Protein chains: 2
Amino acid sequence: MNSEFTIAVHSLVYLAYLPDGMASSEMLADNVGTHSARIRKVMSILRKSGYVATREGAGGGYRLTAEPDKVTLGDIYRVMALGSLMPSWCSGNPDMDCVVGSNMKEVMFGIFCTAEKHLESHFDAITIRDVLGQIRECSDCG
Amino acid sequence: MNSEFTIAVHSLVYLAYLPDGMASSEMLADNVGTHSARIRKVMSILRKSGYVATREGAGGGYRLTAEPDKVTLGDIYRVMALGSLMPSWCSGNPDMDCVVGSNMKEVMFGIFCTAEKHLESHFDAITIRDVLGQIRECSDCG
DNA sequence: TTAACTGTAACTGATATCATTACAGTATGA
DNA sequence: TCATACTGTAATGATATCAGTTACAGTTAA
């Protein structure tokens, strides 16, 4: 799976954690542990999907516009990583004579699609607020 | 996801399809659409896991030893691709001060683990015989 | 003894991934 | 208006992973 999904979730959780829900790409990059340019790329997608608002210029940055208990990991998955379950390489060849070889590609495609649907519905049950909650539990225990 | 999972499933289905359940790496490679050395690598793992028997030497090859309706894609997934759902790169850093940054790695790890468990139980419901059945349906329709 | 196999490692080229640089565009405030 | 501090985006480079291929030792049947 592409790590942009993780970066997106982390960033949204961090914004939800901050009292004013605002941070620059530099602050997010520090917290996530990557380069600010990468954060900007991910956040740009989240902006186009309506989860954050951005403000360019001095004092600008990113602000969470969606409600943390409304946005699910499923939403983020669909935007950032849809199709990542299926391997890029697939076996079989529709043109060959053998029943197995010629139909395997289609059958495996279907299997991966339903598998991904299952994955999505699992992620649909986890909100950004849930993740933030788990993080607070972590810190209480440790 | 690694395509060795697909190769393994395809190979087992093909063996289950053949009347005598036997094929050489060359035949499997033709059907799957890859190189025989790659087939041998995958089949070697399946042999160690007890799903096929191999015979070296002239007239040798691979023979399905497990029952097609007992072996599930979940079994194959666990052997060939366990852990492939989690991205290699993960965000956060346990040593940092921030509650979010320091605990995110652990929380996301847990989320990916349960997600993978869900994926496994989805795959557990599909047997090699089921896949072969879907292939025959495909060929009936087309 | 030869031919036909598997087992396995090594190498190559292609592709994916992440880090980094660069710079244009934009907003703020002195 | 000008310096400063941001985002947006493309390009580049480094590294890892993946798939194809070659090579060869070991094994078995005829």
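So you know, we letter chains A, B, ... as the sequences are listed, proteins then strands, and number each from 1. A quick note: this is a predicted structure, and the numbers were derived from the prediction, not measured.
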A.B. asks: Counting only side-chain N and O atoms of A:R55, is one of them less than 4.0 Å from OP1 or OP2 of C:dA27?
C.D. replies: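 Looking at the OP1 and OP2 atoms of C:dA27, neither is under 4.0 Å from any side-chain N or O of A:R55.
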A.B. asks: Kindly say if A:T34 contacts the phosphate of C:dA19, meaning a side-chain N or O under 4.0 Å from OP1 or OP2.
C.D. replies: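 So the side chain of A:T34 is within the cut-off, an N or O lying under 4.0 Å from OP1 or OP2 of C:dA19.
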A.B. asks: Quick check: is A:M22 connected to A:Y14 through a chain of hydrophobic side chains (ILVMFWY, heavy atoms under 4.5 Å apart)?
C.D. replies: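 Different hydrophobic clusters.
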A.B. asks: Would you indicate, yes or no, if C:dT15 has its OP1 or OP2 atom less than 4.0 angstrom from a side-chain nitrogen or oxygen of A:S88?
C.D. replies: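 Result: no.
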A.B. asks: Could one point to a donor on the side chain of B:R40 or the base of C:dG7 with an acceptor on the other under 3.5 Å away?
C.D. replies: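 It does, because a donor-acceptor pair links the side chain of B:R40 to the base of C:dG7 below 3.5 Å.
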A.B. asks: Which nucleotide in the list C:dT21, D:dG8, C:dG7 gets nearest to the side chain of A:A37?
C.D. replies: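 Nearest to the side-chain atoms of A:A37, counting from C-beta on, is C:dT21.
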A.B. asks: Considering only side-chain heavy atoms of A:S44, which listed nucleotide, D:dC18, C:dA19, D:dT9, is closest?
C.D. replies: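 Within the option list, the nearest is D:dT9.
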A.B. asks: Indicate whether OP1 or OP2 belonging to C:dA14 is found under 4.0 Å from a side-chain N or O atom of A:W89.
C.D. replies: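 Checking C:dA14 against A:W89, no side-chain N or O comes under 4.0 Å of OP1 or OP2.
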A.B. asks: Kindly indicate whether the side chain of A:M80, heavy atoms from C-beta on, has any atom under 4.5 Å from the side chain of A:N2.
C.D. replies: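 No, side chains not in contact.
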A.B. asks: Between B:Y62 (OH) and D:dT28 (P), how many Å, whole number?
C.D. replies: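 Between P of D:dT28 and OH of B:Y62: 14 Å.
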A.B. asks: Can you tell me which residue pairs pass the ring pair (Phe, Tyr, Trp, His ring centres under 6.0 Å) test with a partner in residues 45-67 of chain B, sequence neighbours excluded?
C.D. replies: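 Applying ring pair (Phe, Tyr, Trp, His ring centres under 6.0 Å) to every pair that reaches into residues 45-67 of chain B, excluding sequence neighbours, yields nothing.
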A.B. asks: Roughly, in whole Å, what's the span from CD in B:E4 to P in D:dG20?
C.D. replies: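 Spelled out: CD on B:E4 to P on D:dG20 is 11 Å.
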A.B. asks: Rounded off to whole Å, could you give me the CE-to-P distance for the B:M80 and D:dT17 pair?
C.D. replies: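 After rounding, the reported distance stands at 17 Å.
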A.B. asks: Using whole Å, what does the distance between atom C1' of nucleotide C:dG25 and atom CZ of A:R47 come to?
C.D. replies: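 Between C1' of C:dG25 and CZ of A:R47: 13 Å.
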A.B. asks: Would you say A:S24 places a side-chain N or O within less than 4.0 Å of OP1 or OP2 belonging to D:dA5?
C.D. replies: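 Indeed not, no polar side-chain atom of A:S24 lies that close.
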A.B. asks: Taking atom P of C:dT17 as reference, at what distance in whole Å does atom CE of B:M86 sit?
C.D. replies: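 Nearest whole value for this atom pair: 17 Å.
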A.B. asks: Give a yes/no on whether any side-chain N or O of A:K41 is located under 4.0 angstrom from OP1 or OP2 of C:dA19.
C.D. replies: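 Negative; the distance criterion is not met.
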A.B. asks: Return the value, rounded to whole Å, for the distance between atom CG of A:L28 and atom C1' of D:dC6.
C.D. replies: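 For the pair A:L28 CG and D:dC6 C1', the rounded distance is 13 Å.
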A.B. asks: Whole angstroms only, please: what is the CG-P distance between B:N2 and D:dT17?
C.D. replies: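 The answer, rounded to whole Å, is 11 Å.
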A.B. asks: Testing the 3.5 Å rule here: is there a donor-acceptor pair between the side chains of B:S121 and B:D124?
C.D. replies: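 No pair is found: no donor N or O on one side chain lies under 3.5 Å from an acceptor on the other.
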A.B. asks: Under 3.5 Å, side chain of B:D140 to main-chain N/O of B:E137, donor-acceptor pair present?
C.D. replies: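 Side chain of B:D140 to backbone of B:E137, a donor-acceptor pair under 3.5 Å: no, none is there.
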A.B. asks: Can you tell me the distance, in whole Å, between the CD atom of A:E26 and the P atom of C:dA19?
C.D. replies: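 Distance check: A:E26 CD to C:dA19 P gives 14 Å.
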A.B. asks: With nearest nucleotides of DNA chain C determined for B:A58 and A:E56 from heavy-atom distances, which residue corresponds to the more 5′ nucleotide?
C.D. replies: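 Between the two, 5'-proximity favours B:A58.
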A.B. asks: Which is more 5' along DNA chain D, the nucleotide nearest B:M1 or the one nearest A:K48? Just name the residue.
C.D. replies: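 Taking each residue's closest nucleotide, the earlier one in sequence belongs to A:K48.
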A.B. asks: Would you tell me if any nitrogen or oxygen in the side chain of B:S25 comes within less than 4.0 Å of OP1 or OP2 on C:dC5?
C.D. replies: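 B:S25 to C:dC5 OP1/OP2: no side-chain N or O under 4.0 Å.
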A.B. asks: If you compare every side-chain N and O of A:S3 against the phosphate oxygens of C:dT17 (OP1, OP2), does one of them come in below 4.0 Å?
C.D. replies: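 No, because none of the side-chain N or O atoms of A:S3 sits under 4.0 Å from OP1 or OP2 of C:dT17.
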A.B. asks: If you find the nucleotide of DNA chain C closest to A:G59 and the one closest to A:I7, which residue's nucleotide is nearer the 5' end?
C.D. replies: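 It is A:I7, whose closest nucleotide lies nearer the 5' terminus.
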A.B. asks: Below 30° counts as parallel, above 60° as perpendicular, anything between as tilted: where do the rings of A:F123 and A:F5 land?
C.D. replies: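 Taking A:F5 first and then A:F123, their aromatic rings sit tilted (interplane angle of 30° to 60°).
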